[in-house]
A.B. asks: 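Okay, handing you the structure first.
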Amino acid sequence: MRGRKPAQGPSALQNVRGFSGVHPQGFKLSPSPKCPAPEESLEKAQFRHTKDPDPESGISGKSQILFALVFTTRYLDLFTNFISIYNTVMKVVFLLCAYVTVYMIYGKFRKTFDSENDTFRLEFLLVPVIGLSFLENYNFTPLEILWTFSIYLESVAILPQLFMISKTGEAETITTHYLFFLGLYRALYLANWIRRYQTENFYDQIAVVSGVVQTIFYCDFFYLYVTKVLKGKKLSLPMPI
């Protein structure tokens, strides 16, 4: 394996592939810190968007499609590897949440979905990610390549959402809360990687590099969130002339 030092002990496989790439020990309330708060915020955002449609803000359906693809390709080991009932149940819940979210956007709430501004071309992300997954992985096997693909894709899956906000120039407060928690879970992963390296001498190069890339994408948003949203202001961006 290139760049990854295996964890010691019988729980290595569960810790590495148990949930979202590298399982965050110490943060075990859900398969990934991403699940509860972002999904709850997304439901509130969609409900509010239905009551008061605002074409200048909203959730990117294309980002949600990418996240659904991330979890689908990552959790294919459901059919090949049993770790625990908890692990299996939470993976299934994650997949159901991802696809229900896509259905809500393109089905139930399609009339208020801002498709005119959700125009990011997914092939610009999928093609290079697929190529990189074949070139840089730990083992050249179907499941390993798909797992690697999910890690790479997750690092850029938020770009359609950020592009949508930059295109409209602003976003509702509830939408910014959703994005904040979506990015916060990656920050928790960074803390987890540091802890695991110190306590287990474990290092996963693919997951760490992808996580750092994803965190960088959020930096500008985090700054605006702290300086505007937390002060009660609506997040807005200067529109190009």
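None of the values given here were measured: they were computed from a predicted structure. Hydrogens, waters and symmetry mates are skipped; everything else that's a heavy atom, side chains included, is used.
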A.B. asks: Establish whether F124 and V156 are linked, either directly or via other cluster members, by ILVMFWY side-chain heavy-atom contacts under 4.5 Å.
C.D. replies: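 Unlinked, F124 and V156 end up in two clusters.
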A.B. asks: Crowded around E123 CD? As in, over 12 foreign heavy atoms under 6.0 Å?
C.D. replies: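 More than 12 within 6.0 Å, yes.
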A.B. asks: In sequence, state the C-alpha distance, the side-chain angles, and the governing distance for L126 and L66, and then conclude on side-chain contact (heavy atoms from CB on, under 4.5 Å).
C.D. replies: CA-CA 9 Å; L126 291 173; L66 293 181; 4.1 Å; yes
A.B. asks: What pair of heavy atoms forms the shortest contact from Y203 to Y197, and how long is it?
C.D. replies: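 Here Y203 and Y197 meet closest at CB-CD1, 4.1 Å.
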A.B. asks: What's the spacing between T73 OG1 and L153 CG if we round to 0.5 Å?
C.D. replies: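 One gets 7.0 Å once the value is rounded to the nearest 0.5 Å.
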A.B. asks: Just checking, is any N or O donor in the side chain of S150 or Y75 under 3.5 Å from an acceptor N or O on the other one?
C.D. replies: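 Checked: S150/Y75 side chains show no N/O donor-acceptor pair below 3.5 Å.
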A.B. asks: So do R74 and I151 actually touch side chain to side chain, heavy atoms under 4.5 Å?
C.D. replies: yes
A.B. asks: In the single-linkage hydrophobic clustering (I, L, V, M, F, W, Y; side-chain heavy atoms under 4.5 Å), do F163 and V127 co-cluster?
C.D. replies: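 No, F163 and V127 fall in different hydrophobic clusters.
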A.B. asks: If you round to the nearest 0.5 Å, how far is OG1 of T101 from OH of Y106?
C.D. replies: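 If I round to the nearest 0.5 Å, the distance is 12.0 Å.
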A.B. asks: Going only through I, L, V, M, F, W and Y residues with side-chain contacts under 4.5 Å, is there a path from V213 to L159?
C.D. replies: yes
A.B. asks: Identify the heavy atoms of G58 and M164 that sit nearest to each other, and give their distance.
C.D. replies: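 Minimum heavy-atom contact is O-SD, 4.1 Å.
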A.B. asks: Which value, rounded to the nearest 0.5 Å, describes the distance between Y152 atom OH and E136 atom CD?
C.D. replies: 5.0 Å
A.B. asks: Mark yes or no for whether Q161, through its side chain, and S60, through its backbone, hold a donor-acceptor pair below 3.5 Å.
C.D. replies: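 A pair under 3.5 Å: yes.
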A.B. asks: Could you report the tightest heavy-atom contact between T119 and K167, atom names first, then the distance?
C.D. replies: OG1-NZ, 2.9 Å
A.B. asks: Ignoring hydrogens and angles, tell me if any N or O in the side chain of N137 forms a donor-acceptor pair with the backbone of E144 under 3.5 Å.
C.D. replies: no
A.B. asks: Taking the side chain as everything from C-beta on, heavy atoms only, tell me whether Y225 gets closer than 4.5 Å to H177.
C.D. replies: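 The answer is yes; the side chains approach within 4.5 Å.
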A.B. asks: If I take atom CZ from residue F94 and atom OH from residue Y99, how far apart are they, to the nearest 0.5 angstrom?
C.D. replies: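 Reported value, rounded in 0.5 Å steps: 13.5 Å.
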A.B. asks: Less than 6.0 angstrom separating the ring centers of F222 and Y218, yes or no?
C.D. replies: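 Distance test on ring centres: under 6.0 Å, yes.
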A.B. asks: Do the side chains of Y138 and W147 get nearer than 4.5 Å, heavy atoms only?
C.D. replies: yes
A.B. asks: Taking the side chain as every heavy atom from C-beta outward, state whether I83 and T88 have any pair of such atoms under 4.5 Å apart.
C.D. replies: no
A.B. asks: Side chains of L78 and L95: closer than 4.5 Å at any heavy-atom pair?
C.D. replies: yes
A.B. asks: Taking the side chain as C-beta and beyond, is there a heavy-atom pair between F71 and L96 under 4.5 Å?
C.D. replies: no
A.B. asks: For residues A68 and A98, report the shortest heavy-atom separation together with the two atoms involved.
C.D. replies: CA-CB, 3.8 Å
A.B. asks: Applying the 4.5 Å side-chain criterion to the ILVMFWY set and letting contacts propagate, would I194 and I216 be lumped into a single cluster?
C.D. replies: no
A.B. asks: Just checking F79: does its CZ atom have more than 12 heavy atoms from other residues, nucleotides or ligands closer to it than 6.0 angstrom?
C.D. replies: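 Open: at most 12 neighbouring heavy atoms sit under 6.0 Å from CZ of F79.
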A.B. asks: With the side chain counted from C-beta on, respond yes when W193 and D204 share a heavy-atom pair under 4.5 Å apart, and no when they do not.
C.D. replies: no
A.B. asks: Does one hydrophobic cluster hold both I85 and V93, with members joined at side-chain heavy-atom distances below 4.5 Å?
C.D. replies: yes
A.B. asks: Is any side-chain heavy atom of I158 closer than 4.5 Å to one of L179?
C.D. replies: yes
A.B. asks: Can you tell me how far apart OG1 (T176) and CD1 (I165) are? Round to the nearest 0.5 Å.
C.D. replies: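 If I round to the nearest 0.5 Å, the distance is 8.0 Å.
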A.B. asks: So which heavy atom on S63 is nearest to which on A157, and how close?
C.D. replies: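 Smallest interatomic distance, heavy atoms only, reads OG-O, 2.7 Å.
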A.B. asks: Using 0.5 Å steps for rounding, measure from the CG atom of L184 to the CG atom of L182.
C.D. replies: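 So the CG of L184 and the CG of L182 are separated by 10.0 Å.
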